[in-house]
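Report on the structure given below.
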Amino acid sequence: MHHDVAVLIGRFQPFHDGHFGLVEAALQRADRLILLLGSHRCAPDIRNPWSSGEREAMIRAALPAAWQRRLEVIPIRDHLYSDNLWLAEVQQKVLAVTAEDERVLLIGHRKDRSSYYLDLFPQWDFQDVPLKSDVHATAIRQAYFSDADAPGWAAHVPEAVRAFLTDYRATGRYRWLRQEADYIAGYRQLWSVAPYPPTFVTTDAVVVQSGHVLVVRRRVRPGQGLIALPGGYLNQQEPVLEGMLRELREETGLKVPRPVIEGSIADRHVFDAPGRSLRGRVITHAFLIQLKGGALPAVRGGDDAEKAFWMPLADIYVHEDSFFEDHVQIIQHFISRL
Ligand code: NAD
């Protein structure tokens with residue numbers, strides 16, 4: 001049966017020959033295609049290296065002109081801790097560009113467990129497109145961000161994407177990502193001799209006062225130069241609360257007496273999304289510290305933080321894609337409850 005609209009969800013990091021096959025299958029079955037570009041403005045890392053703008057440019061350049069006229073590209077954010085918020089955003093974006101009586105076909109390939117989201121749209125028909133074997137975005141990125149080029153990232157992407165990625169290798173951004181990739185590979189290698197894959201425990205402090213949140217700029221990898229919450233690994237003999245207070249003091253030098261900080265803890269929550277860190281399984285205990293209004297207390301950088309500063313809450317959204325891992329979502333979790 002022919003459909004009015006096809007919907008294709010993906011990250012397309014980068015857009016490869018398997019994705020091209022999905023677009024082709026979609027346009028054979030529907031008049032037009034809504035391509036939902038996932039992970040919009042998420043933390044930059046080697047899993048999500050290219051911005052929505054860069055990805056849309058790559059995709060459009062790879063498609064024939066006649067297909068492009070039938071294509072609408074719409075970015076959507078991740079909501080790591082709420083599939084319902086994510087589903088609501090997907091539904092809203094599609095509703096905004098379709099008529100009520102249009103028949104919608106969701107297109108995709110059930111690749112592995114990460115494709116579970118394809119089963120969350122009972123209101124639309126679904127078409128599974130077979131896997132184009134040997135084409136995997138993860139393998140393409142691994143080869144592209146390392147010296148080991150085998151089996152050759154360039155062999156599995158459309159010509160226009162190959163040209164973009166070749167030019168991109170000369171950018172400062174590529175060099176930054178390359179160093180991040182090397183760091184992550186080295187870190188994982190160090191732990192590969194452990195009898196079981198390790199689970200790390202960290203703490204984070206969300207200190208809020210007068211519409212500002214206390215953040216740091218990371219001095220170390222991973223995420224060097226990105227904005228983050230003050231926090232870090234828990235020491236072996238340390239309760240979680242102590243770890244949080246120690247990291248907060250070391251990284252920000254926050255000039256507030258300890259009893260006041262402790263007395264201002266308004267909430268705490270565990271953030272445990274399995275994919276939240278590229279280092280491996282990292283579970284963080286985050287604390288909301290709500291300080292009373294007035295002049296913002298003095299802070300300074302230290303330890304793993306190059307610089308500590310108070311950021312107006314509105315700026316979180318302006319700088320969303322300069323934050324480390326899921327820290328924007330941790331801040332959002334707490335400030336939506338204040
Ligand atoms: P992707 O770019 O890896 O894949 C896009 C589509 O192409 C998928 O259907 C995939 O199975 C298919 N595909 C991949 N390789 C193929 C090949 N060789 N041959 C044929 N088909 C192939 O994108 P993805 O990671 O699946 O995208 C899902 C997006 O939805 C992400 O941005 C994710 O973060 C988002 N999401 C968010 C939430 C949330 O925030 N709560 C929940 C679910 C999904």
Side-chain angles (χ1 to χ4, degrees), residues 6-29 33-52 54-56 58-59 62-63 71 73-94 105-122 124-144 151-153 155-158 161 165 271-278 320-321 325-330 332-333:
V7 171
L8 171 58
I9 303 171
R11 286 188 300 127
F12 313 109
Q13 293 278 16
F15 187 74
H16 58 52
D17 292 343
H19 298 138
F20 186 93
L22 290 182
V23 171
E24 188 172 33
L27 290 173
Q28 279 165 0
R29 290 167 173 81
L33 169 63
I34 300 171
L35 192 144
L36 296 177
L37 212 45
S39 306
H40 177 51
R41 303 205 71 203
C42 74
D45 58 28
I46 49 166
R47 191 176 36 187
N48 285 298
W50 297 289
S51 70
S52 296
E54 287 168 336
R55 287 179 286 159
E56 176 168 358
M58 271 191 263
I59 293 168
L63 302 181
L71 172 73
V73 178
I74 303 178
I76 44 167
R77 284 180 167 73
D78 286 343
H79 297 272
L80 207 51
Y81 295 97
S82 171
D83 273 348
N84 282 329
L85 279 179
W86 180 75
L87 287 167
E89 183 166 343
V90 171
Q91 290 169 5
Q92 272 168 4
K93 293 274 160 71
V94 172
L105 177 71
L106 178 65
I107 206 127
H109 169 71
R110 288 197 182 91
K111 194 171 44 177
D112 49 35
R113 272 199 303 166
S114 73
S115 311
Y116 74 96
Y117 64 87
L118 291 172
D119 295 318
L120 302 180
F121 300 94
W124 300 333
D125 295 331
F126 177 68
Q127 176 70 47
D128 190 77
V129 175
L131 181 77
K132 193 170 175 67
S133 59
D134 294 341
V135 187
H136 304 286
T138 308
I140 291 172
R141 290 194 307 274
Q142 259 164 13
Y144 180 73
W153 59 267
H156 303 298
V157 296
V161 174
L165 295 181
F271 293 87
D272 63 350
R276 61 180 293 277
S277 176
L278 288 177
E320 193 178 346
D321 50 5
E325 293 186 343
D326 57 353
H327 290 196
V328 167
Q329 302 195 32
I330 294 176
Q332 276 173 341
H333 167 90

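When a ligand or atom number is given, it counts from 1 through the structure's own listing order. Computed over heavy atoms, backbone and side chain alike; hydrogens, waters and symmetry mates excluded.
A salt bridge between Asp326 and Arg276 is present, with a side-chain N of the basic residue lying under 4.0 Å from a carboxylate O of the acidic one.
Annotation: Trp50 is not in aromatic contact with Phe12 [ring centroid separation under 6.0 Å not met]. Proximity of the aromatic rings of Tyr81 and Phe271 is defined here by a centroid distance below 6.0 angstrom, and this criterion is met.
Looking from atom 30 (O) of ligand 1 to the surrounding protein, the closest heavy atom is Trp86 CZ2, 3.4 Å. Of the protein's heavy atoms, Leu131 CD1, 3.5 Å lies nearest to atom 17 (C) of ligand 1. Closest to atom 12 (C) of ligand 1 among all protein heavy atoms lies Leu22 CD1, 3.5 Å. Protein heavy atom in closest approach to atom 9 (O) of ligand 1: His109 N, 3.0 Å. If you check which protein heavy atom lies closest to atom 3 (O) of ligand 1, you get Lys111 NZ, 3.1 Å. Closest to atom 32 (O) of ligand 1 among all protein heavy atoms lies Ser39 OG, 2.8 Å. Nearest protein heavy-atom neighbour of atom 33 (C) of ligand 1: Asp78 OD1, 3.7 Å. Among all non-hydrogen protein atoms, the one lying nearest atom 8 (C) of ligand 1 is Tyr117 OH, 3.9 Å.
Taking only non-hydrogen atoms, the option from His19, Arg11, Arg110 nearest to atom 31 (C) of ligand 1 is Arg11. For atom 16 (C) of ligand 1, the choice among Gln13, His136, His16 with the nearest heavy atom turns out to be His16. The residue from Arg55, Arg47, His79, His156 that puts a heavy atom closest to atom 40 (O) of ligand 1 is His79. The option with the heavy atom closest to atom 29 (C) of ligand 1, from among Leu37, Ile140, Ile9, is Ile9.
Side chain of Ser51 to backbone of Glu54: a donor-acceptor contact under 3.5 angstrom is found. The backbone N or O of His19 lies less than 3.5 Å from a partner atom in the side chain of His16, making a donor-acceptor pair. A donor-acceptor pair is defined here as one N or O able to donate and one able to accept, closer than 3.5 Å; such a pair exists between the side chain of His109 and the backbone of Val129. Side chain of Glu89 to main chain of Arg77: a donor-acceptor pair is present (N/O by atom type, distance under 3.5 Å, no hydrogens or angles). A donor-acceptor pair under 3.5 Å links the side-chain atoms of Asp112 to the main chain of Ser114, judged by distance alone. Put simply, the side chain of Gln127 never gets that close to the backbone of Ile107: no donor and acceptor are under 3.5 Å apart. Remark: side-chain polar atoms of Arg55 are not paired, donor with acceptor, to backbone N or O of Gln13 under 3.5 angstrom.
Within the listing of ligand 1, atoms 2 (O), 5 (C), 23 (O), 27 (O) sit less than 4.0 angstrom from a heavy atom of Gly10. For ligand 1, the atoms sitting less than 4.0 Å from at least one non-hydrogen atom of Gly108 are 9 (O), numbered in the order shown with element in parentheses. Counting the atoms of ligand 1 from 1 in the order shown, those under 4.0 Å from a heavy atom of Gly38 are 32 (O).
At least one heavy atom of Tyr116 sits less than 4.0 Å from an atom of ligand 1.
Atom CZ of Arg110 and atom OG of Ser115 lie 8.5 Å apart (nearest 0.5 Å). Going from atom SG of Cys42 over to atom CD of Gln329 covers 9.0 Å, rounded to the nearest 0.5 Å.
Contacts between Val129 and ligand 1, counted as non-hydrogen atom pairs separated by less than 4.0 Å, are absent for every part of the residue. Only the backbone of Pro130 comes within 4.0 Å of ligand 1, judged by heavy-atom distances.
The shortest N or O to N or O distance between Phe12 and ligand 1 is under 3.5 Å. Ligand 1 has no N or O atom lying under 3.5 Å from any N or O atom of Ser115, backbone or side chain.
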